[in-house]
Structure formats: structure tokens, C-alpha cells
J.: 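For reference, the structure I am asking about is given below.
Residue indices begin at 1 and follow the sequence shown.
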Amino acid sequence: MNERIKLLADQADAYATAEYEKWIPTPDFSGIPHIRKIFNEKFAELIVEQFDLILVNEYLDCVGENDKKSQFRVDRLRKRVKEYFGVEE
């Protein structure tokens with residue numbers, strides 16, 4: 001695993017831990033958050049966000065900010081990727 005993936009995993013772990021610690025126990029322990037699920041969802045979200053940043057930066061490097069047709073295509077692609085993976089804007 002490279003350092004970038006480890007960094008994203010650490011960020012997801014910190015987020016999941018913080019979310020888990022917000023949970024207030026109930027007598028029957030109902031509603032207990034599943035820390036692994038929280039971690040997995042955040043980790044996936046962070047990966048998609050990084051992909052999005054790479055896509056935008058590559059687009060800007062290739063065509064600049066003034067090419068409206070290419071910008072529209074990249075924006076559409078970004079939206080499709082986020083929708084596909086269920087990541088909110």
C-alpha cells in the first residue's frame with residue numbers, strides 16, 4: 001500500500017473513530033454504529049474525492065480554463081463518477 005492510500009486510510013479511521021465516540025449508549029445498545037461500515041464509507045468517499053481532484057488538475061493542465069466544451073465534458077464526467085459511487089457533492 002502506498003503512502004497516499006495509507007494517509008486516506010488514516011483519515012477514514014480518525015473520522016470513523018470520532019463518529020463512533022459520538023454514540024451515546026442506550027440500555028439495549030440499539031443504534032450502535034458499526035465502525036467498520038463508517039470507515040469503509042469514508043475511505044471510499046476520500047478515494048473518489050482524490051480521483052476528482054486528479055481529474056480536475058489533469059484537465060486544467062491539458063486544456064486550461066477557457067475551453068468550455070471540454071470543461072462541460074469533464075464536469076459531466078466528475079458528476080457521473082460521484083453519482084456512480086454515491087458520493088455527494
J.: How long is the span from the NE2 atom in His34 to the CD atom in Glu41, to the nearest 0.5 Å?
T.: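 The CD atom of Glu41 is 11.0 Å from NE2 of His34, to the nearest 0.5 Å.
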
J.: Between Arg80 and Glu83, does a salt bridge (Lys or Arg N to Asp or Glu O under 4.0 Å) hold up when you go through it step by step?
T.: CA-CA 5 Å; Arg80 288 179 64 195; Glu83 286 174 353; over 6 Å; no

J.: Please report the interatomic distance CD1(Ile35) to CG(Asn40), rounded to the nearest 0.5 Å.
T.: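 So the gap between those two atoms works out to 11.0 Å.
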
J.: Do Leu7 and Leu46 share a hydrophobic cluster, counting only Ile, Leu, Val, Met, Phe, Trp and Tyr and linking them when any side-chain heavy atoms are less than 4.5 Å apart?
T.: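 Different hydrophobic clusters.
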
J.: Would you indicate whether the side-chain heavy atoms of Ile47 and Leu8 approach each other to under 4.5 Å?
T.: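 Answer yes - side chains close enough.
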
J.: Give the cluster check for Phe51 versus Ile54: same hydrophobic cluster or not, with ILVMFWY residues linked at side-chain heavy-atom distances below 4.5 Å.
T.: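 No; Ile54 is not reachable from Phe51 via cluster members.
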
J.: Once ring-ring contact (aromatic ring centres under 6.0 Å, His included) is applied, do any residues pair with Phe39, and if so which ones, sequence neighbours excluded?
T.: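 Expected list: Phe43.
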
J.: To the nearest 0.5 Å, what is the distance between CZ on Arg36 and OH on Tyr20?
T.: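 Nearest 0.5 Å value for the CZ-OH distance: 13.0 Å.
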
J.: NZ of Lys82 to CG of Asp52: how many Å apart, nearest 0.5 Å?
T.: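 If we round to the nearest 0.5 Å, Lys82:NZ and Asp52:CG are 4.0 Å apart.
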
J.: What distance separates Thr17 OG1 from Tyr15 OH, expressed to the nearest 0.5 Å?
T.: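 Spacing of OG1 (Thr17) from OH (Tyr15) equals 11.5 Å.
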
J.: For residues Asp75 and Lys79, determine if any side-chain heavy atom of one lies less than 4.5 Å from a side-chain heavy atom of the other.
T.: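 They are not in contact (no side-chain heavy atoms under 4.5 Å apart), so the answer is no.
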
J.: Starting from Val48, can I reach Tyr84 by hopping between I/L/V/M/F/W/Y residues whose side chains sit under 4.5 Å apart?
T.: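 Yes; Val48 is reachable from Tyr84 via cluster members.
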
